[in-house]
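Notes to accompany the following structure.
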Amino acid sequence: MELATGFESISRDGWRALAVEVLRKSGIETEAPEEALSTATYDGVTVAPLYDLDDLPGDPGLPGEAPYVRGARGTPGWDVRQRHAVADPEAVLADLENGVTSLWLVVGDGAIPVDALGAVLKDVYLDLAPVVLEAGERVREAAEVLFGRGSAVRGNLGASAVGGPGLELARRCLDGFPGLGAVTVDATPFHDAGGSDAEELGCSIARGVAELRALTDGGLSVEQALGQIEFRYAATADQFATIAKLRAARRLWARVAEVCGAAGGSGGGPVGGAAGGPGGYGGQRQHAVTSSAMMTARDPWVNMLRTTLACFAAGVGGAEAVTVQPFDACLGLPDAFSRRIARNTQALLLEESGLGRVIDPAGGSWYVERRTADLAERAWAWFQEIEAAGGITRAAGLVADRIAATRARRADDVAHRRLPITGVSEFPDVHEKPVRPPTPAQAASETGGLPRIRYAEEFEALRDLADAQPERPTVFLATIGPVAAHTARAAFAANLFQAGGLDTETAGPGADPEQIATAFAVSGASVACLCSTDKLYAQHAAAVATALRKAGARKVWLAGKGEYEGVDGNLYAGCDALAVLRETFDDLEVTR
């Protein structure tokens with residue numbers, strides 16, 4: 001018996017007619033509901049409100065087969081990889097004994113000293129627990145430590161063959177260390193600089209091609225060179241974007257392998273071709289890391305939710321290894337508790353939820369397949385643009401400018417709260433207590449000259465400034481009318497001001513201008529915001545604003561879009577919240 005039995009079938013045209021009626025009741029007149037309800041990503045990919053069989057872009061293949069959209073391996077699950085940047089053998093062993101299956105070690109100045117690496121790995125079985133290095137200029141020395149542990153060692157040395165020792169290290173790996181790769185293409189700096197998904201993908205493929213050229217120019221076969229390279233991508237709380245990004249990345253790299261003549265390089269589709277064969281290219285090796293840019297220093301507990309979503313997306317997207325950053329990563333070095341939460345997040349998803357028992361659970365979704373294909377096309381076009389400019393090194397200026405433009409667009413969305421940040425720009429706790437005392441900063445990865453940003457940092461800078469004042473600056477909410485009339489806009493205004501660390505004091509119910517002005521004077525505030533309904537504004541806004549002015553208000557805002565005598569500006573959904581807050585800080589004469 002089919003599940004749909006007993007339900008009336010409906011066509012896209014039928015859905016369209018129903019959607020038009022709903023939109024009309026909402027005040028939107030349109031005959032094209034798809035356009036009215038669609039959104040666009042920073043890459044121009046349209047996210048439609050409805051998908052059906054006609055949206056499928058073609059056969060994505062099977063898991064473990066070219067073009068590897070559905071996964072480079074034909075097995076479910078992933079490697080739980082924890083990052084360590086401190087020489088703490090006990091912490092490393094605690095992770096490995098409690099669910100972590102591989103290590104990402106940061107080696108060098110400000111991190112694990114090279115001469116301490118041996119001690120850190122002394123009791124680690126490197127044939128069972130792969131190690132990935134991030135050692136910068138000390139990579140040769142760090143690699144020697146792993147080479148010294150025997151031919152069974154597994155992982156990646158994290159080197160570059162473009163201006164680095166990646167070629168010589170790759171030869172060492174091929175000569176006697178079959179479980180080791182030499183080169184890591186780290187795409188996270190492009191993401192951390194504010195780049196879009198297609199920009200991160202295109203830059204990573206361009207960097208990968210540069211590494212591939214350097215390795216093959218040095219005498220490695222295409223298959224050997226491909227086998228030496230691992231890619232690292234950022235995973236965000238936008239789960240479908242992350243799923244599509246990882247799937248698209250494998251498709252793009254398979255196309256590169258095909259063009260380079262690797263056996264098993266790719267498969268069908270817009271960026272596909274021939275089927276794979278034994279001993280040939282086996283798909284892109286992917287390491288997904290939960291995004292640094294999405295993390296917040298304020299209300300860091302929310303980071304647990306963000307990283308859970310990102311980890312889920314990375315697993316569903318087919319990453320072979322996943323690193324969950326500790327929820328307090330913005331506050332300095334993680335402690336045992338935050339490392340435990342990070343690894344348990346993965347254990348819960350792999351074991352309790354059963355996510356580790358399913359191969360490509362998003363495969364076949366009309367939405368996911370369409371979004372994967374659309375993203376791959378845009379990323380490939382960006383990659384071709386970089387190549388036309390001379391490759392990733394020569395196109396550094398082009399890349400920086402393109403990412404800067406995207407960063408500015410995203411920053412504008414954050415400022416206007418079109419891109420809300422829970423606990424920071426939305427629903428802040430202005431009186432939150434620190435999670436723990438501050439600790440030294442974590443060792444930072446190389447950025448390749450690009451800036452490293454966090455989406456929340458502009459709001460958090462205002463919070464820090466407000467916290468630093470002898471007394472917390474306060475904005476007076478001049479509530480007009482009964483509680484039922486002013487509550488919605490008063491809550492909206494309070495939420496906005498508190499996003500900058502400002503406290504709010506409310507007048508309470510009533511409409512008498514003099515009483516409201518008296519309450520304002522008692523509050524000690526110098527900025528006020530009117531909060532009520534449009535109907536009551538028409539009756540009382542001008543009089544209340546005038547009374548507030550006489551009582552010493554330097555600035556009078558109004559929650560809503562109406563214009564009234566004595567009102568200086570408006571707060572509304574979509575207004576530039578950062579501009580409002582900065583202006584309010586000036587009016588409150590906050591000391592910088």
Side-chain angles (χ1 to χ4, degrees), residues 38-48 185-209 231-253 270-271 284 286 288-295 306 309-310 313-314 317 319 367-368 370-389 392 395-421 447-458:
S38 292
T39 58
T41 69
Y42 291 111
D43 296 307
V45 173
T46 298
V47 179
V185 173
D186 190 354
T188 59
F190 305 111
H191 169 83
D192 291 344
S196 67
D197 291 333
E199 288 162 354
E200 181 185 354
L201 287 178
C203 290
S204 75
I205 299 303
R207 170 57 67 181
V209 167
F231 287 75
R232 183 176 297 139
Y233 292 106
T236 74
D238 187 339
Q239 59 182 11
F240 287 110
T242 296
I243 292 168
K245 179 169 69 176
L246 295 174
R247 299 171 98 249
R250 293 191 295 272
R251 186 186 188 109
L252 294 168
W253 194 237
V271 290
Q284 184 189 64
Q286 289 182 339
V289 185
T290 57
S291 164
S292 295
M294 74 175 180
M295 301 287 271
R306 295 185 180 100
L309 287 167
Y367 169 43
V368 171
R370 180 74 265 163
R371 188 160 181 181
T372 298
D374 289 346
L375 181 57
E377 289 177 5
R378 282 160 177 77
W380 188 258
W382 171 230
F383 158 67
Q384 290 180 312
E385 191 174 342
I386 294 172
E387 286 293 286
I392 190 67
L398 171 68
V399 169
D401 290 346
R402 181 69 62 86
I403 290 177
T406 302
R407 181 169 64 248
R409 290 168 56 200
R410 192 192 307 272
D412 188 66
D413 286 340
V414 171
H416 288 79
R417 301 198 298 177
R418 293 186 291 265
L419 190 64
I421 304 173
T447 65
L450 293 169
R452 180 183 283 113
I453 60 104
R454 289 187 300 107
Y455 308 142
E457 59 191 2
E458 295 294 329

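The model shown is predicted, which means the values in this text are computed figures rather than measured ones.
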Could you tell me whether a side-chain N or O of Q284 sits under 3.5 Å from a main-chain N or O of F231, the two making a donor and an acceptor? no
Residue pair R418 / D412, side-chain heavy-atom distance below 4.5 Å: yes
> Would T188 and D186 count as having a side-chain donor-acceptor pair, cut-off 3.5 Å?
Replying inline: yes
Do I386 and R207 pass the side-chain contact (heavy atoms from CB on, under 4.5 Å) test, and can you show the C-alpha distance, the side-chain angles, and the key distance before you say yes or no? CA-CA 10 Å; I386 294 172; R207 170 57 67 181; over 6 Å; no
Side-chain donor/acceptor of T242 to backbone N/O of T236, under 3.5 Å
yes
Check whether any side-chain N or O of R378 sits under 3.5 Å from a backbone N or O of D43 as a donor-acceptor pair, and report yes or no. yes
Review point. Ignoring hydrogens and geometry, is there a side-chain-to-backbone donor-acceptor pair from R454 to M295 under 3.5 Å?
Key: yes
- Query: What orientation do F383 and W380 show, parallel under 30°, tilted 30 to 60°, or perpendicular over 60°?
  - Reply: tilted
>> Taking the side chain as everything from C-beta on, heavy atoms only, tell me whether Y455 gets closer than 4.5 Å to R410.
In response: yes
If the threshold is 4.0 Å, N to carboxylate O, is there a salt bridge linking D197 and K245? yes
Q: Go through the steps to decide whether T41 and R371 satisfy the test side-chain contact (heavy atoms from CB on, under 4.5 Å), and finish with yes or no.
A: CA-CA 11 Å; T41 69; R371 188 160 181 181; 3.5 Å; yes
When every non-hydrogen atom of V399 is compared with those of C203, the smallest separation belongs to CG1-SG, 3.7 Å
